[in-house]
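Lettering of chains follows the sequences in order, A, B, ..., and the numbering in each one begins at 1.
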Amino acid sequence: MKYMLIMRSTDAAIEASKDMDFDAIITSMGQYNESLIKAGVLLAGEGLAMEEGFIVDFDSDPPLVSDGPYGETKELFSGFWIIQTSTKDEALEWAKRCPLGPGSKLEVRRVSEMEEFDQSNEYIQKEAGWREELGTDRPVSS
Amino acid sequence: MTDAARNAVDAVWRIDGAKIVAALTRTVGDLDLAEDVAGQALLEAIEQWPVSGVPRNPAAWLTAVATRRAIDGWRRRERLDERYAHFARELENDANRFDEDGWDPDRIDDDVLPLIFMACHPVLNRKAQVALTLRVVGGLTTEEIARAFLVPTATMQQRIVRAKKTLTAAKVVFEVPPREEFPSRLSAVFGVLYLIFNEGYAASSGTEWMRTDLSGEALRLSRILAELVPGEPEAHGLVALMELSASRFAARTTADGEPILLADQDRARWDRTQITRGLVALARADDVGRGRGPYGLQAAIAECHARAATFEDTDWKKIVLLYEALQQLAPSPVVDLNHAAAVSMAYGPAPALEYVDKLVDSGELAGYHLLPSVRGELLGRLGRTEEARTELLEAARLAGNEREKAVLVAKADALRDSET
């Protein structure tokens with residue numbers, strides 16, 4: 001099973017982190033990543049830039065575009081990992097070991113697999129082809 | 001509540017089990033005792049964690065508790081001689097150190113490698129090596145391993161107990177083998193992991209969930225191994241081979257579990273991200289700079305398939321060369337047969353038939369259904385229909401799997417129909 005660990009920080013946590021030793025943050029994150037790699041569970045992970053982004057809000061038609069990510073939302077999506085574990089509890093245990101502090105949240109979501117969708121839907125069938133053409137195939141097996 | 005606690009403990013065990021058993025084996029000097037006291041510590045965790053909360057470093061907690069149980073065990077012995085007492089005092093100091101953040105992850109990681117070598121020690125037969133690797137390194141329960149290998153739990157239990165006794169009787173020490181033995185011992189480890197992977201891979205029926213899980217477990221253990229011995233190209237080659245093979249899982253069977261051959265697979269269903277990981281692993285193997293070994297070569301063949309947009313686009317000439325390299329490094333009649341099949345794709349059925357006929361003459365694959373199957377295929381393409389039919393029907397007779405049998409009979413019938 002694959003899980004995505006989504007890192008969220010509040011504005012307050014971002015502010016507080018500015019006073020923290022950046023090197024220490026990088027080191028503890030690096031050690032966490034290393035432990036995921038050494039356990040053979042890490043498949044992917046990225047951090048997201050804080051300063052560039054925007055929000056498209058579908059409350060109105062046409063959608064309203066505003067500067068973000070600071071503009072409209074209190075909780076920021078600042079990075080993610082994708083891990084492969086044998087159980088949900090194992091993913092939970094890894095999540096708990098993430099070196100994050102107060103003001104931070106980790107949202108854990110199972111990555112859905114292609115098999116879960118109705119395979120007879122023509123767009124599900126087309127999608128597989130598109131993904132191959134684009135080279136961005138979604139993980140379809142485990 | 002207890003269920004939740006058990007699940008939490010199970011999760012910790014899957015993540016840290018190998019490290020805990022490895023650390024304990026180093027301190028108590030006996031794999032069997034290490035496993036035993038680790039089990040006691042797990043039981044205590046299931047009772048205590050729901051009340052006291054999961055400790056900040058669960059692995060260190062479990063190791064410290066298990067070490068104390070080992071000391072208790074020695075103390076309870078009636079005739080406790082001076083040597084044991086001394087040993088126990090030393091261990092007690094160790095146990096206290098664990099409580100004071102003495103858990104040194106680097107040291108513990110180093111311990112996992114000797115544990116893997118111990119589980120794959122040559123005094124054990126292959127079945128025992130596989131069972132022990134999954135048990136002590138993978139952290140699978142005996143029930144899970146038994147289910148994966150389709151044997152009763154009691155049988156698997158016995159196999160594991162006997163394996164541990166064999167290790168103790170042979171006085172196998174907990175250490176990384178000396179440098180000169182390294183290549184042969186490591187290749188046994190690769191062999192065990194690949195066998196575990198194939199046990200999951202070959203079971204394409206899709207009913208036994210545990211078996212595809214087994215491939216995933218073999219892949220996880222291989223990734224761990226590759227991190228432990230990053231300077232060994234074959235460790236990365238093995239990871240690459242498994243990633244690339246596993247990337248085809250979703251395309252290998254129909255929804256009802258019918259096998260789909262490579263030529264007919266919907267390549268859009270191949271896992272592109274997994275292929276990318278496989279290619280990265282293969283590049284790491286090459287970066288070591290000591291050439292490709294048998295796993296690296298097989299991974300390179302898998303790479304050719306992964307890079308081909310369609311079956312027809314496959315670079316068969318390159319695959320022929322890779323099989324020839326593999327014939328040099330790891331000769332086997334099955335490799336010869338695969339080589340012949342690749343030759344038929346690259347250069348046509350006639351030269352391939354010569355290779356297959358040599359194989360038939362050698363008698364090495366007698367009784368292996370894929371030999372007449374490939375031969376029948378080639379004869380069919382050469383227009384020697386009657387001979388082809390005979391071979392295909394012979395292959396069907398030899399095939400153990402009912403679904404494979406049916407496919408071969410259908411091919412033979414198709415040849416007859418094309419005649420008329």
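Within the 4.5 angstrom heavy-atom criterion, only side-chain atoms of B/V54, from C-beta onward, approach chain A. For A/L43, the parts lying near chain B are the backbone and the side chain together; criterion is any non-hydrogen pair under 4.5 Å. Residue contact with chain B, scored on non-hydrogen atoms closer than 4.5 Å, involves the side chain of A/K96 exclusively.
Checked by atom type, the side-chain pair A/E90/A/S86 shows a donor-acceptor distance below 3.5 Å. For the residue pair A/S35/A/N33, the side-chain donor-acceptor check at 3.5 Å is not satisfied.
Partner A/V56 forms a side-chain contact (heavy atoms from CB on, under 4.5 Å) with one of A/S66, A/P62, A/P63 and no other, that one being A/P63. A ring pair (Phe, Tyr, Trp, His ring centres under 6.0 Å) with A/W81 holds for exactly one of A/Y32, A/W94, A/Y3; it is A/Y32.
Taking chain B as the reference chain and counting heavy-atom pairs below 4.5 Å, the highest number among A/K88, A/E93, A/Q31 is found for A/E93. Of the listed residues B/E217, B/R14, B/E227, the one with more heavy-atom pairs under 4.5 angstrom with chain A than any other is B/R14.
Remark: B/E143 does not engage B/R147 in a salt bridge, criterion side-chain N to carboxylate O under 4.0 Å.
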